[in-house]
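Here's the structure we're looking at; comments come further down.
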Amino acid sequence: QRLLVESGGGLVQAGGSLRLSCAASERTFSPGAMNWFRQAPGQEREFVATINWKGDTTYYADSVKGRFTISRDNAKNTVYLQMNNLKPEDTAVYYCGARGSPFATVRANDIEYWGQGTQVTVSS
């Protein structure tokens with residue numbers, strides 16, 4: 001049984017937008033913080049965005065600040081990543097992550113559950 005399921009990836013031109021979704025099972029979503037990380041070919045997985053359980057605290061990587069927005073719908077056990085003004089350097093596999101603690105984190109080591117990832121490709 002997959003606990004986190006990402007969707008919404010795809011191919012988009014530079015300057016375009018995509019919205020990623022991550023649907024979680026109840027036990028992996030409540031009452032924890034949620035994250036998005038990404039990994040480009042040949043590179044390490046890097047932090048993108050995080051949101052706490054209440055949804056009132058968010059943090060972003062400098063590279064996406066002002067372009068990406070993380071949000072969550074606790075009634076639907078779903079977290080979203082709205083990505084605007086996409087750049088070729090945003091090309092990566094995007095992973096959803098969940099932790100049991102309600103507090104937002106930027107550290108991959110704090111993540112207890114990972115999704116299988118969704119590919120985002122931005123053409124120039």
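Note that these values count all heavy atoms, side chains included, but never hydrogens, waters or copies made by symmetry. Source: prediction; values computed, not measured.
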Could you list the residues that satisfy salt bridge (charged side-chain N to carboxylate O under 4.0 Å, His left out) with D62, not counting sequence neighbours?
K65
Can you list the residues that meet the salt bridge (charged side-chain N to carboxylate O under 4.0 Å, His left out) rule with E112, with sequence neighbours excluded?
none
Determine whether a donor-acceptor pair (N or O, by modelled atom type, separation under 3.5 Å) exists between the side chain of [X] and the backbone of [Y].
X    : Y    : result
D110 : R99  : no
Y80  : T69  : no
T50  : T105 : yes
R67  : N85  : yes

Going by side chain to side chain contact (heavy atoms under 4.5 Å, CB included), name the residues that satisfy it together with V122, two or more places apart in sequence or in a different chain.
V12, A14, L86, P88, D90, T91, V120
Candidate list T118, L20, V64, test side-chain contact (heavy atoms from CB on, under 4.5 Å), partner L81, passing option:
L20
Partner residues of [X] under the side-chain hydrogen bond (donor to acceptor under 3.5 Å, both in side chains) criterion, sequence neighbours left out:
X    : result
T121 : Q119
N109 : none
E89  : none
R19  : none

Should W53 and V79 be counted in the same cluster of Ile, Leu, Val, Met, Phe, Trp and Tyr side chains packed under 4.5 Å apart?
yes
If you look only at pairs with a residue in residues 30-64, which of them pass as a disulfide (SG to SG under 2.5 Å), with sequence neighbours excluded?
none
Using the disulfide (SG to SG under 2.5 Å) rule, collect all pairs that involve residues 46-108, keeping only residues at least two apart or in two chains.
C22-C96
Which hydrophobic side chains are connected to I111, either touching it within the sub-4.5 Å cutoff or through other members that do?
F37, F47, Y59, V93, Y95, V106, W114
If you take all heavy atoms of [X] and [Y], which pair is closest and at what distance?
X   : Y   : value
A24 : L4  : CB-CD2, 3.4 Å
T78 : S21 : CG2-CB, 4.4 Å
S17 : Q82 : CB-NE2, 4.0 Å

Is there any salt bridge (charged side-chain N to carboxylate O under 4.0 Å, His left out) pair reaching into residues 73-87, and which pairs are they, with sequence neighbours excluded?
none
Salt bridge (charged side-chain N to carboxylate O under 4.0 Å, His left out) pairs touching residues 41-60, sequence neighbours excluded, are R38-E46
Please test N52 against F103 for side chain to side chain contact (heavy atoms under 4.5 Å, CB included), starting from the C-alpha separation and ending with a verdict.
CA-CA 5 Å; N52 68 342; F103 302 108; 5.8 Å; no
Please round to the nearest 0.5 Å and tell me the distance separating atom CZ of F68 and atom CG of L18.
9.0 Å
